[in-house]
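Small disclaimer: the values here were computed from a predicted structure and weren't measured.
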2 protein chains.
Amino acid sequence: MKIALVQLNYQIGDFAGNAAKIETAIGRAKAGGARLALFSELAVTGYYPGDLLEKKEFIEEAEETVRALAGHCRGIAALVGAPAINRGERGKQLYNAAWFLEEGRVKDIFFKTLLPTYDVFDEYRHFEPNPLFRILELEGTRLAVTLCEDLWEEQPGPGEYGITKMYRKSPLQELAIYRPELIVNLSASPFSASQENRRKEILARKASTSGLPLVYVNQVGAQAEVIYDGGSLFMGPGGELLHELSYFGEDFRIIDTGERGKPQLQPPASGTEKIHSALILGIRDYFLKTGFGDAILGLSGGIDSAVVAALATEALGAAHVRGLLLPSRYSSSHSVDDARAVARNLGIRHELLNIEPATAAFSAILAPLFSGLPEDVTEENIQARTRAVLLMAVSNKTGAVLLNTSNKSETAVGYGTLYGDMCGGLAVLGDVYKTEVYRLARLINSEREIIPLNSIRKPPSAELRPGQKDSDSLPEYPLLDQILFQYIEMNMPPAEISAEGAERTLVDSIIRMVNRNEFKRFQAPPVLRISTKSFGSGRRMPLAAKF
Amino acid sequence: MKIALVQLNYQIGDFAGNAAKIETAIGRAKAGGARLALFSELAVTGYYPGDLLEKKEFIEEAEETVRALAGHCRGIAALVGAPAINRGERGKQLYNAAWFLEEGRVKDIFFKTLLPTYDVFDEYRHFEPNPLFRILELEGTRLAVTLCEDLWEEQPGPGEYGITKMYRKSPLQELAIYRPELIVNLSASPFSASQENRRKEILARKASTSGLPLVYVNQVGAQAEVIYDGGSLFMGPGGELLHELSYFGEDFRIIDTGERGKPQLQPPASGTEKIHSALILGIRDYFLKTGFGDAILGLSGGIDSAVVAALATEALGAAHVRGLLLPSRYSSSHSVDDARAVARNLGIRHELLNIEPATAAFSAILAPLFSGLPEDVTEENIQARTRAVLLMAVSNKTGAVLLNTSNKSETAVGYGTLYGDMCGGLAVLGDVYKTEVYRLARLINSEREIIPLNSIRKPPSAELRPGQKDSDSLPEYPLLDQILFQYIEMNMPPAEISAEGAERTLVDSIIRMVNRNEFKRFQAPPVLRISTKSFGSGRRMPLAAKF
């Protein structure tokens with residue numbers, strides 16, 4: 001059977017826009033001779049609508065959109081993801097459903113069984129699990145229709161104790177009595193750099209253990225924090241990868257489920273290359289989907305802001321990125337040169353504003369209250385916040401979105417000023433450890449020097465007081481990042497982290513910094529997620545805890 | 001049987017502190033002749049620990065604490081809430097459990113069946129539902145041990161379609177075959193002003209339909225955003241309320257499950273009185289549990305900052321609250337007088353700082369970039385952000401936490417400057433509509449004038465440009481608040497809201513304002529929750545949606 005794998009970038013709640021894309025793809029699939037067009041999970045609404053799913057008018061418009069799409073399915077069938085109302089008397093009000101459209105109408109609906117409710121996922125908040133297993137017969141072929149997590153029942157939870165499966169049910173086992181001949185899966189599976197191969201491994205195991213070919217369609221595109229990477233695929237019954245669609249872009253391909261020819265795969269990419277693509281897509285989609293065109297950012301001469309400027313320029317175009325150089329008396333002379341150099345290399349507009357008159361005004365205003373008190377972090381924060389006021393003023397005046405340039409390492413330990421350098425509409429590097437920022441910089445420089453080598457080579461510093469360096473109070477970044485990764489991504493207890501080499505007192509002090517700064521991250525901008533545990537909606541820590 | 005109802009205020013993750021309180025109460029219960037001491041849900045960890053539940057060292061310390069507490073249960077039994085590890089091979093790694101302690105050891109464990117996963121609740125994120133129903137026999141009496149939501153299976157979800165029950169199972173029905181004689185319930189049930197009687201109604205229905213007496217112990221105290229109000233109770237088998245413990249404070253009472261005497265209830269309180277108590281507890285606990293002692297806030301002369309100052313003074317004491325008056329050229333002369341008056345009435349320290357030198361410095365710095373461009377909201381935001389820099393400077397220098405004074409009405413429609421008046425460690429009124437702020441002001445003034453009548457009577461204004469009034473671009477607050485309540489709390493579609501009287505164009509424009517400002521609220525401080533739908537962790541809206 002010929003099936004069209006339709007990999008699209010949806011906007012949440014844009015029913016007209018999403019439906020237009022879906023309708024076009026149905027036409028293209030039909031013209032290409034496909035019997036079935038396969039779309040991703042919650043395609044009609046975009047994944048994930050969150051508490052919009054609690055709004056009646058949202059649900060009703062979703063259902064109307066599906067029914068209208070059904071009208072376009074003549075001479076071709078489609079499986080489209082959208083919520084479905086639970087018409088029973090008990091349970092959550094919705095199912096996460098695959099709507100089967102054929103002969104101009106809704107012919108069947110299949111519900112999702114396993115509802116991910118961990119990390120960034122909140123599905124049990126809105127959906128009732130599928131209570132009843134059924135098969136889809138299409139042209140004499142029996143299809144096991146599954147949605148995303150339905151194939152992931154093996155995965156253990158975070159910090160598990162000997163648990164091997166997070167779920168009690170296996171949809172494929174339940175469906176086995178119907179002797180399915182093909183597995184189809186409608187997905188919305190986010191990108192994470194450290195798990196790049198896990199998805200393919202799990203899908204291959206599902207195909208090979210059931211001995212069935214598998215067609216998997218993923219969503220692509222960023223939804224504010226979460227980036228969906230596409231990579232839809234078709235596997236043979238041994239789990240062999242036969243077709244692989246693009247990553248980080250829309251794609252379309254018609255496959256024949258009987259074919260076992262030469263695989264058509266994507267070119268291999270390194271982890272850093274994937275992160276690079278993910279962040280560019282993340283920036284581009286944030287602007288597209290919020291309706292903004294221009295970005296502004298502070299250029300300090302350091303590596304973080306240089307990398308963000310380069311990514312933003314690639315995502316939005318040089319004409320849409322503007323840098324402000326905001327040096328203070330503590331900025332080293334080369335900082336301004338390095339900031340100017342990256343702006344020139346990228347060809348972006350940039351201006352220098354001297355923040356001293358404003359910080360001096362603040363000092364004078366506060367003098368009656370602060371007289372006799374020693375300088376401390378307060379004065380450093382005033383500098384950072386003065387910069388934020390200037391950046392936000394230009395943002396407000398021009399309608400450009402301020403990009404935040406904090407990296408994950410400093411966000412983790414709280415090296416950032418709330419309402420200062422923690423400002424911004426989007427934190428581009430908030431899930432990128434400093435050591436990875438260096439790799440990104442070298443990748444960006446691989447063809448020509450865009451990020452000044454000086455920005456890469458000089459010791460990292462916030463330059464908020466004379467001679468300040470990050471290493472004054474933090475270990476070197478490779479060690480810091482390792483400890484942070486083990487604590488944040490791996491949930492390893494301090495004793496286990498320390499058993500791998502780091503001194504226990506250092507581990508404890510870093511963990512204390514992470515936990516003490518929960519309040520700052522609570523008010524941080526949305527972070528582009530590229531790991532399995534990003535700050536933001538996927539990490540929900542209590543604010544007033546003592547642990 | 002004599003049972004001690006132990007209503008305590010726990011700190012999340014403070015195992016030593018929580019255990020000390022529990023141990024003391026066990027001793028007191030035993031001395032009072034109680035056979036059983038009943039504690040609230042997740043008492044040992046505090047409710048709700050969030051993703052700390054994914055940390056092995058957290059779970060292990062919780063279990064060790066429970067086992068140590070068991071050692072103190074000799075001659076008395078206790079039911080204590082704490083997580084329990086799922087020792088099976090499938091499912092989530094934990095159960096939300098009631099640990100039965102007796103004879104110096106853990107004698108039994110009961111698991112929670114219905115796991116609330118909506119609004120602020122995330123239990124299915126961490127817990128596996130109870131798979132097996134059992135009864136607890138104590139001195140020949142059969143106890144149905146339940147945890148909070150286990151008694152709430154009747155509640156429909158938000159925006160339900162004819163659904164009458166959110167859950168498919170009823171723990172009490174499952175337990176009926178064991179012929180229980182008493183229902184006990186360990187709870188962590190938050191306060192919400194609009195639902196003040198719903199809890200008692202539901203519990204009374206459970207007692208009367210099963211014909212069993214019911215003992216209910218709730219947590220008390222605020223955990224950053226969420227405020228737990230206590231009000232533990234004992235009901236007779238007809239659902240008649242016989243004992244009711246304090247609201248918004250710790251309490252302890254030994255009841256006899258056979259007694260049917262004169263009810264010992266709490267004095268009635270109005271909705272506004274309860275909100276007042278809740279906010280004071282919310283402020284006090286935020287400071288206690290984060291380890292801060294002092295608060296600072298901006299006093300504008302308006303009603304919001306005056307009410308926050310009064311609440312903070314009651315919560316922390318006048319010596320621990322400091323006000324800054326930060327007028328600009330647009331501040332009316334009476335604003336400074338009104339701000340001074342409330343500070344004097346409360347006896348709090350206050351200073352006036354002139355923000356003009358800083359705003360003038362910003363204008364001068366930005367002049368080369370802004371020359372020829374008209375004044376707009378940018379200049380208003382610079383004023384608000386200049387105030388924030390000054391408030392945060394004093395906060396940083398003195399270690400005082402900045403209190404945010406934005407109310408729910410303005411937070412909803414986005415009338416607030418991000419990184420300006422939206423700053424703060426805690427948003428005291430972020431869940432209080434403006435019309436309720438007026439009621440709070442009148443309540444605070446009920447004995448003597450604390451909030452100047454002028455602050456109450458004058459038309460609300462942000463005073464960021466000459467003659468500005470909130471009513472320039474918003475409807476009057478009673479109408480605005482009604483529309484917001486229907487949209488936010490009730491999830492009513494625009495057509496239904498408009499059918500109740502408001503013009504459709506107005507309804508649509510307000511809803512657009514709510515949705516367009518999701519990005520601002522994403523970075524807002526934690527909000528003290530007093531409603532059924534507060535901004536913050538209980539409302540999860542997508543950021544880049546088009547709806």
- How about A:Lys546: does its NZ atom have over 12 heavy atoms from other parts shown lying under 6.0 Å from it? no
At what distance, to the nearest 0.5 angstrom, does [atom1] of [X] lie from [atom2] of [Y]?
X: A:Leu373; Y: B:Thr398; atom1: CG; atom2: OG1; result: 9.5 Å
X: B:Met422; Y: A:Tyr419; atom1: CE; atom2: OH; result: 9.5 Å
X: B:Glu61; Y: A:Phe547; atom1: CD; atom2: CZ; result: 5.0 Å
X: B:Leu390; Y: A:Ile382; atom1: CG; atom2: CD1; result: 7.5 Å
X: A:Leu369; Y: B:Glu351; atom1: CG; atom2: CD; result: 4.0 Å

- Taking C-beta and beyond as the side chain, do B:Glu57 and A:Pro494 meet within less than 4.5 Å on heavy atoms? yes
Side chain, backbone, both or neither: which part of [X] has a heavy atom under 4.5 Å from chain B?
X: A:Leu426; answer: neither
X: A:Asn381; answer: side chain
X: A:Tyr48; answer: backbone
X: A:Glu375; answer: backbone
X: A:Arg322; answer: side chain

Flag, side chain of [X] to backbone of [Y], donor-acceptor distance under 3.5 Å:
X: A:Lys289; Y: B:Leu543; answer: no
X: A:Arg125; Y: B:Asp119; answer: yes
X: B:Tyr118; Y: A:Lys92; answer: no
X: B:Thr117; Y: A:Tyr124; answer: no
X: A:Gln523; Y: B:Gly424; answer: yes
X: A:Arg168; Y: B:Gly91; answer: no
X: B:Gln11; Y: A:Ala544; answer: yes
X: B:Lys397; Y: A:Pro374; answer: yes
X: B:Asp51; Y: A:Arg540; answer: yes

Considering only heavy atoms, which portion of [X] lies under 4.5 Å from any heavy atom of chain A: side chain, backbone, both, or neither?
X: B:Pro525; value: both
X: B:Leu418; value: neither
X: B:Lys533; value: side chain
X: B:Thr359; value: neither
X: B:Glu154; value: neither
X: B:Leu288; value: neither

- Query: Would you call B:Glu153 and A:Arg90 a salt bridge, using N to O less than 4.0 angstrom?
  - Reply: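 No, no charged N to carboxylate O under 4.0 Å.
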